[in-house]
Structures are given as C-alpha cells and as structure tokens.
Amino acid sequence: MKIAAFDFDGTLHFPGRGPGAAFDRPSFAAIDAWRNAGHLAVCATGRSGTALTHGLGGPADAFDYLVLSNGAVAAAATGRPDPIFSYPLDPAVLEAAVDEYEHRDGAAVFATTDGDVDGVFADNTGATSSLTGHFTPMTRADIPLHRFAVVPLWIPRDAALRAEAVAWARGLGDVTVAQNHTYVDIMAPGRSKGAGILELLAALGIDRGGVELYTFGDSWNDLPMHAIADVSHSFPHSPAEVRAATDRVIGSVAEVLPTYM
C-alpha cells in the first residue's frame with residue numbers, strides 16, 4: 001500500500017475556469033484507479049469538511065480520508081460522522097481577528113468549524129468567492145456556540161495588507177499561521193497539513209516509515225506536507241518558493257500518479 005495526499009483548490013479544483021471546467025477530471029480518474037489498486041488517497045485541504053463538500057458538490061467519496069482545516073481536523077471521507085481528531089482554535093483569537101479586521105477595507109474575516117457550519121464575521125472586500133458563498137453570517141454572540149478550527153482572513157487584492165495580516169497573526173503568539181494565495185489562515189499551535197497527515201497515519205496504525213507517501217499541492221500551506229513526503233509535487237502556477245521546495249513540478253496529478261502504482 002502507498003499513500004497519496006492531495007490539496008484541493010489549485011491542485012484538483014480550479015473554480016476560476018468556470019462551470020463544467022472547475023474539476024480536473026482526468027486527475028480524479030487517476031485517483032480512482034489509485035484507490036482501486038489498493039492505495040490510500042487523502043485530501044489535505046485548508047477547507048473545512050462543510051466547505052469541501054460544498055466545493056465537490058457532494059460527498060468526498062473520491063478519497064479515503066480527509067485532513068481538513070490545514071491539519072486541525074481529520075475525518076474519514078465517508079461513513080464516520082465524528083472527526084478522528086480536532087484541534088479547536090482559542091476563541092480569543094477569533095475575537096481578536098474580528099476586532100482588528102471587521103472594519104478594514106479589503107479584508108474579510110471568516111471562521112470555519114469542525115462541524116456543519118462555517119461563518120462570515122465581516123467582508124469588506126467588495127469581491128465574491130465560490131469558496132465562501134455558503135458561509136453563514138455570524139456575530140460575536142455566535143463564537144461560544146461552535147468549535148472553530150481556522151480563522152481565514154481573506155485579502156484578495158491587497159498584497160501589502162495581506163503581508164500585514166501575516167505579521168499581525170504571527171504576533172498573536174500561540175497560533176500557527178499558514179498563507180495561501182489570497183488567504184491568511186490562523187490555526188491552533190502546531191497544526192499544519194504535515195502534522196495532520198502524520199497524526200492521521202498514527203491514528204490508523206500506519207507506520208510512516210513503512211509506506212511511500214506522495215504529496216500534491218500548489219501553495220505555501222502545502223509546504224509542511226511536502227516536507228514529509230517521499231516525493232512531493234507542485235505545479236507551474238505554484239509560487240516560486242513552493243516549486244523550489246518540491247521534488248517535481250508537474251502539469252497535473254493525472255500526469256504522474258499512474259507511474260507510482
């Protein structure tokens with residue numbers, strides 16, 4: 001048995017390509033063949049379970065397991081209702097993010113949970129995103145009612161403000177900060193896609209040293225899982241530092257996954 005871990009957005013899913021073209025269907029077919037050959041497929045994403053289901057348009061049954069919320073949550077793809085593990089974020093971090101950014105032009109404050117609802121606390125971007133269109137409007141009164149796994153600050157247009165948000169989040173102290181192309185994600189300390197994958201394998205009783213691990217991901221938040229892979233893969237559209245940190249730069253998952261079976 002071998003294991004492959006796949007980022008979702010920018011790796012298998014490209015909403016900017018428009019209706020009918022968002023999914024890399026040949027790569028999903030390659031993942032199906034991979035699983036039929038007896039290997040495990042893990043979706044390792046910054047999305048919550050609810051957001052991943054929304055993005056897929058249905059159950060995540062293309063995979064065996066899910067590492068969600070940048071490694072803060074893991075779950076079986078189907079069948080098991082409760083998370084395998086969950087590391088909620090200190091609610092004070094979300095409160096601080098709302099205080100800092102709820103009125104900042106160009107920024108949005110979202111919060112995703114390990115349950116069946118994700119929230120939007122403020123959105124001053126003037127933009128729309130298919131990733132968050134299903135989010136529920138929330139206020140500070142909702143914070144004690146949920147277990148929040150990630151506070152994503154969405155800053156789609158202002159690179160300087162995004163860099164400021166990264167520095168601000170890191171200044172909070174006991175958190176992990178992961179950057180995607182337009183998001184700054186804040187999680188509980190020690191969480192990352194790499195940490196999530198390793199903890200998932202341990203929970204499944206799989207010896208990391210006894211299996212080959214292949215990772216596929218396009219952005220900065222994929223670097224921790226690439227660091228633990230036997231072979232890591234990025235893409236031509238990946239940032240330069242991500243391409244430099246991976247073993248191979250490929251056109252698609254379908255291009256190489258069959259060669260590893």
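The structure presented is a predicted model; accordingly, all values stated were derived computationally and were not measured. Scope of the values below: all heavy atoms of this structure, side chains included, with no hydrogens, waters or symmetry mates.
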Fill in: Pair Tyr87 and Phe85, ring centroids less than 6.0 Å apart
yes

Practice prompt. Please step through side chain to side chain donor-acceptor pair (under 3.5 Å) for the pair Thr246 and His233, ending with a clear verdict.
Written response: CA-CA 6 Å; Thr246 52; His233 305 78; over 6 Å; no

Between [Y] and [X], is there a side-chain donor-acceptor contact under 3.5 Å, judged purely by atom types and distance?
X      : Y      : result
His146 : Thr113 : no
Asp9   : His13  : yes
Asp116 : Thr50  : no

Distance-only criterion, 3.5 Å: show the donor-acceptor pairs between side-chain atoms of residues 95-103 and protein atoms not counting sequence neighbours.
| from | atom 1 | to | atom 2 | distance (Å) |
| --- | --- | --- | --- | --- |
| Asp99 | OD1 | Arg140 | NH2 | 2.6 |
| Glu102 | OE2 | Arg140 | NH1 | 3.4 |
| Glu102 | OE2 | Arg140 | NH2 | 2.9 |

Discussion item. Do Ile143 and Leu145 sit in one hydrophobic cluster, given that two such residues count as connected whenever their side-chain heavy atoms are within less than 4.5 Å of each other, even indirectly?
Written reply: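 Unlinked, Ile143 and Leu145 end up in two clusters.
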
N/O donor to acceptor pairs below 3.5 angstrom from side-chain atoms of residues 153-164, sequence neighbours left out:
| from | atom 1 | to | atom 2 | distance (Å) |
| --- | --- | --- | --- | --- |
| Trp154 | NE1 | Thr182 | OG1 | 3.2 |
| Arg157 | NH1 | Thr125 | O | 2.8 |
| Asp158 | OD1 | Ala160 | N | 3.1 |
| Asp158 | OD1 | Leu161 | N | 3.0 |
| Arg162 | NE | His181 | O | 3.4 |
| Arg162 | NH1 | Ile155 | O | 2.4 |
| Glu164 | OE1 | Arg104 | NH2 | 3.4 |
| Glu164 | OE2 | Arg104 | NH1 | 3.0 |
| Glu164 | OE2 | Arg104 | NH2 | 3.2 |

Item to complete: I would like to know whether Asn180 and Ser219 meet side chain to side chain donor-acceptor pair (under 3.5 Å); could you show each step before the answer?
Response: CA-CA 6 Å; Asn180 207 322; Ser219 195; 3.1 Å; yes

Worksheet item: Relative to the ring of His54, is the ring of His134 parallel (under 30°), tilted (30 to 60°) or perpendicular (over 60°)?
Response: parallel

Worksheet item: What class does the angle between the rings of Phe6 and Phe216 fall in, given that below 30° is parallel, 30 to 60° is tilted and above 60° is perpendicular?
Response: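 Phe6 and Phe216: parallel rings.
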
Discussion item. Could you check whether any side-chain N or O of Ser69 sits under 3.5 Å from a backbone N or O of Gly71, counting only pairs where one atom can act as donor and the other as acceptor?
Written reply: no

Worksheet item: Do you know which of Ile31, Thr45, Asp218 makes side-chain contact (heavy atoms from CB on, under 4.5 Å) with Leu12?
Response: Ile31

Item to complete: Kindly indicate, with the supporting measurements, whether the criterion ring pair (Phe, Tyr, Trp, His ring centres under 6.0 Å) is fulfilled by Phe110 and Phe135.
Response: CA-CA 8 Å; Phe110 300 122; Phe135 280 29; 5.4 Å; yes

Discussion item. Could you walk me through whether Thr112 and Asp118 satisfy the side chain to side chain donor-acceptor pair (under 3.5 Å) test, starting with their C-alpha distance in whole Å, then the side-chain angles of each, then the deciding distance to 0.1 Å, before giving a yes or no?
Written reply: CA-CA 4 Å; Thr112 62; Asp118 297 320; 4.6 Å; no

Item to complete: Start with the C-alpha distance between Asn70 and Asn221, add both sets of side-chain angles, then the distance that settles side chain to side chain donor-acceptor pair (under 3.5 Å), and finish with yes or no.
Response: CA-CA 7 Å; Asn70 287 319; Asn221 64 337; 3.0 Å; yes

Practice prompt. Decide, yes or no, whether a salt bridge links Lys2 with Asp230 under the criterion of side-chain N to carboxylate O below 4.0 Å.
Written response: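 Not counted as a salt bridge, because no side-chain N and carboxylate O are separated by less than 4.0 Å.
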
